[in-house]
Amino acid sequence: VDTAQTIGFIKPLILLPVALLNRLTMEQTETILLHELAHIRRNDYLFNILMTIFRTIFFFNPFAHCFFKTVAREREHACDDEVLLWHYPAPVYAEALLTLEQFRQLLPTLSLAADGNNPRLLMERVRRLVGLPASGKKTFSPLLSFSLIAALFLFAMHSFSRFPQPTDLGQDEIDDGGPPVAA
C-alpha cells in the first residue's frame, strides 16, 4: 500500500502504509483515519462503481470526463469537511495530507495512471483547508477547447442546413405578394 485507502464494501478495511505511520503524529493519523471513515460512511464505493460504469459508457465524451473529475473532487472535499467537523486544526490535517503524498511510493509501471492521482487536486485541497485562495493559474485544456469549437461548428452547420435552398423557379411561379393577375 502506497497511500491511505479503503477497500471492500461488505466489511470495509482501511489500509495505511506501515512506514508512514512512524512519520505521522497521533493527531495526523486520526485525521487520515477520519477521512477514510467518512468515505465508508458516505458509501463512496457505490459512487465509484457507478462512476466507473458511467465513464466506461461515455468514454468518448469529454464533458463526461470533466463531470467525473468534478464529482471525485467534491467527494474528497466533503470528506475533508467531515474531518474538520471533529475540531481538528486544518493545518494539522493539511500537513498529514502532504506527508501522505510525500511518502507515496510511485512504482514505475508500464500502464497508464488510471487511479486518479492528481497533485493539483491535493494542492487545491490543502489550499482550501488552510484558507488560502485558489491559485490564479488556469491551465489551458486543448481537449475542452477543441470540443467547444467542434460543437459550435456542428451547431452552425445544423442551423444553416434548415434554411430553404433557392431553386430554379420560373418567372410565373414567383409570388411577389401582389394581387393575383387574371390570365
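FYI, side chains are in, hydrogens and waters are out, and symmetry mates aren't considered; it's all heavy atoms of this structure.
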Listed partners of Glu95 passing salt bridge (Lys or Arg N to Asp or Glu O under 4.0 Å), at least two apart: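 Partners of Glu95 under the salt bridge (Lys or Arg N to Asp or Glu O under 4.0 Å) test: none.
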Pairs in or reaching into residues 32-61: which pass ring pair (Phe, Tyr, Trp, His ring centres under 6.0 Å), with residues at least two apart or in two chains?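 Qualifying pairs: Phe9-Tyr45, His35-His39, Phe54-Phe58, Phe54-Phe67.
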Under the salt bridge (charged side-chain N to carboxylate O under 4.0 Å, His left out) definition, can you give me all pairs with a residue in residues 11-35, not counting sequence neighbours?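 Passing the test, one end in residues 11-35: no pairs.
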Non-hydrogen side-chain atoms of [X] and [Y] separated by less than 4.5 Å:
{"X": "Asp81", "Y": "Arg128", "value": "yes"}
{"X": "Leu98", "Y": "Leu122", "value": "yes"}
{"X": "Leu84", "Y": "Pro89", "value": "no"}
{"X": "Phe63", "Y": "Leu148", "value": "yes"}
{"X": "Leu24", "Y": "Leu16", "value": "no"}
{"X": "Leu46", "Y": "Asn43", "value": "yes"}
{"X": "Ile14", "Y": "Ile40", "value": "yes"}

Apply side-chain hydrogen bond (donor to acceptor under 3.5 Å, both in side chains) to [X] and list each qualifying residue two or more places apart in sequence or on a separate chain.
{"X": "Asn48", "value": "Arg75"}
{"X": "Asn61", "value": "none"}
{"X": "Arg41", "value": "Glu82"}

Specify the closest pair of heavy atoms between Val83 and Tyr88, including all atoms of both residues, with the distance to one decimal.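 Reported closest heavy-atom pair: O-CD1, 4.0 Å.
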Who passes side chain to side chain contact (heavy atoms under 4.5 Å, CB included) against [X], sequence neighbours left out?
{"X": "Arg73", "value": "Thr70, His77, Leu121, Glu124"}
{"X": "Ile53", "value": "Ile49, Ile57"}
{"X": "Leu100", "value": "Thr3, Ala4, Leu20, Ile32"}
{"X": "His65", "value": "Arg55, Lys69"}

Given the rule that I, L, V, M, F, W and Y join up when any side-chain heavy atoms are under 4.5 Å apart, are Val130 and Met123 in one cluster?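 Val130 and Met123: separate clusters.
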Audit row: Leu129, Leu97, side-chain contact (heavy atoms from CB on, under 4.5 Å) steps and yes/no: CA-CA 10 Å; Leu129 286 170; Leu97 288 175; 3.7 Å; yes
Apply side-chain contact (heavy atoms from CB on, under 4.5 Å) to the pair Cys79 and Asp44, showing each step before the final yes or no. CA-CA 10 Å; Cys79 291; Asp44 278 347; 4.0 Å; yes
